[in-house]
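Below is one structure; the comments refer to it alone.
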Amino acid sequence: MGFLSVLSYAHQLVAARVQPGDTAIDATVGTGADTLFLAKAAGKRGRVYGFDIQQEALHCARRRLEENASPSLAEVSLLLQGHEQMREAVPGMLHGKVAAVMFNLGYLPSEGADPTVITHTDSTLVALDAALQLLRPRGILTAVLYPGHAGGSEEAEAVLQWASALPVSSSQSIIYRQLQRAASPYVVAVEKK
């Protein structure tokens, strides 16, 4: 048995924190895999907010949710907005009460998608700060980073520095990474204290 993939590892960390009835955020909807995962974890009394700047990503996620339709899924709001706007978009009554925020950075891995439309360091750092504010105590933030594409290594390094600089009095950060391949994707996770 090998190690978990970075996506499976992120899901495992989040699954340990999200309970039925919780609120969770998919900061980068992409193909909707994390959106569906969060909708299942939060359950029918839960709520999921998904953010993406590409309409195609929201269509992919809607299709995935429809294909897996179930009364046990959380209510999902898919928003055509950048993740840096999540603090303004999520209702104030939920600030400090979100169980998990998942980031899957890079570009939309969908056939026909424009690979030059990528997440950018500046907006990602704003979004990470917002996510930390939205999380409840013991809530978790996961960021899957892809240093192997143009702009990806700079963004990954900035996220790593951001997480490393967080005060231990308010959070703890970990990294899950294959050490032999510098361009391999990896996970940074932050638990709010």
Side-chain angles (χ1 to χ4, degrees), residues 3-11 13-14 24-38 48-64 78-90 98 100-135 140-166 171 173-191:
F3 291 118
L4 293 173
S5 72
V6 292
L7 297 174
S8 295
Y9 186 71
H11 283 191
L13 291 172
V14 171
I25 297 171
D26 185 350
T28 51
V29 167
T31 63
D34 290 340
T35 311
L36 177 61
F37 166 76
L38 291 169
V48 175
Y49 292 90
F51 294 86
D52 210 291
I53 60 168
Q54 295 183 80
Q55 190 66 55
E56 182 180 345
L58 301 184
H59 288 314
C60 286
R62 266 193 207 94
R63 217 173 15 257
R64 189 181 293 262
L78 296 172
L79 306 167
L80 186 62
Q81 292 180 282
H83 53 200
E84 72 277 11
Q85 299 173 345
M86 76 172 77
R87 200 165 67 94
E88 294 77 25
V90 172
V98 173
V101 182
M102 298 187 78
F103 291 79
N104 198 338
L105 301 172
Y107 56 88
L108 178 61
S110 175
E111 191 174 318
D114 183 353
T116 65
V117 178
I118 62 172
T119 53
H120 294 280
T121 303
D122 292 346
S123 60
T124 295
L125 292 174
V126 171
L128 290 167
D129 283 337
L132 209 50
Q133 292 173 16
L134 292 169
L135 286 176
I140 192 163
L141 175 160
T142 61
V144 178
L145 308 167
Y146 296 88
H149 70 86
S153 61
E154 295 83 3
E155 182 178 44
E157 184 58 33
V159 172
L160 191 56
Q161 288 179 8
W162 173 85
S164 299
L166 292 171
S171 60
S173 306
I174 63 167
I175 185 171
Y176 179 76
R177 182 177 201 171
Q178 182 178 2
L179 299 176
Q180 296 96 331
R181 294 185 180 148
S184 291
Y186 61 97
V187 176
V188 168
V190 178
E191 180 186 56

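Scope of the values below: all heavy atoms of this structure, side chains included, with no hydrogens, waters or symmetry mates. When a residue number appears, it is its place in the shown sequence, counting from 1.
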By side-chain hydrogen bond (donor to acceptor under 3.5 Å, both in side chains), which residues pair with Q178, not counting sequence neighbours?
none

Set out, in order, the CA-CA distance, both residues' side-chain angles and the distance that settles side chain to side chain contact (heavy atoms under 4.5 Å, CB included) for L125 and T121, then state yes or no.
CA-CA 6 Å; L125 292 174; T121 303; 3.9 Å; yes

Heavy-atom nearest pair, V98 first then A24, reads CG1-CA, 4.1 Å

Non-hydrogen atoms of G82 and I53 that approach each other most closely:
CA-CG2, 3.5 Å

To the closest 0.5 Å, what do you measure between OG1 (T35) and CZ (F51)?
11.0 Å

Residues passing the side-chain hydrogen bond (donor to acceptor under 3.5 Å, both in side chains) test with R63, sequence neighbours excluded, are none

For a 4.5 angstrom cut-off between non-hydrogen side-chain atoms, does Y186 reach P147?
yes

In chain order, what residues pass the side-chain hydrogen bond (donor to acceptor under 3.5 Å, both in side chains) check against Y146, with sequence neighbours excluded?
N104

As an exercise, state the distance from CD of E191 to OG1 of T142, rounded to the nearest 0.5 Å.
12.5 Å

Looking at every non-hydrogen atom in both residues, tell me the closest pair between V190 and S173 and how far apart they are.
CG2-OG, 3.6 Å

For the student: nearest non-hydrogen atoms of V6 and V187, plus distance:
O-CG2, 3.3 Å

Main chain of V29, side chain of D52: is a donor-acceptor contact present, judged purely on distance under 3.5 Å?
yes

Taking only residues two or more places apart in sequence, or in another chain, which ones meet Q55 in a side-chain contact (heavy atoms from CB on, under 4.5 Å)?
L58, H59, R62, L80

For the residue pair G106 and H149, what are the closest heavy atoms and their distance?
CA-NE2, 3.4 Å

Could you tell me how the ring of F37 sits relative to the ring of H11: parallel (under 30°), tilted (30 to 60°) or perpendicular (over 60°)?
parallel

Using 0.5 Å steps for rounding, measure from the NE2 atom of H120 to the NE2 atom of H83.
9.0 Å

About how many Å separate OG of S8 and CG of L13, when rounded to the nearest 0.5 Å?
11.0 Å

Rounded at 0.5 Å granularity, tell me how far CD in Q81 sits from CE in M86.
10.5 Å

State, yes or no, whether a side-chain contact exists between T124 and W162 at a heavy-atom distance under 4.5 Å.
no

The criterion is side-chain hydrogen bond (donor to acceptor under 3.5 Å, both in side chains); which residues satisfy it with Q133, sequence neighbours excluded?
R87

Rounded to the nearest 0.5 Å, what separation is found between the CG atom of L134 and the OH atom of Y49?
10.5 Å

Check against side chain to side chain contact (heavy atoms under 4.5 Å, CB included), L166 and L132
CA-CA 10 Å; L166 292 171; L132 209 50; 3.7 Å; yes

In chain order, what residues pass the salt bridge (Lys or Arg N to Asp or Glu O under 4.0 Å) check against E84, with sequence neighbours excluded?
none

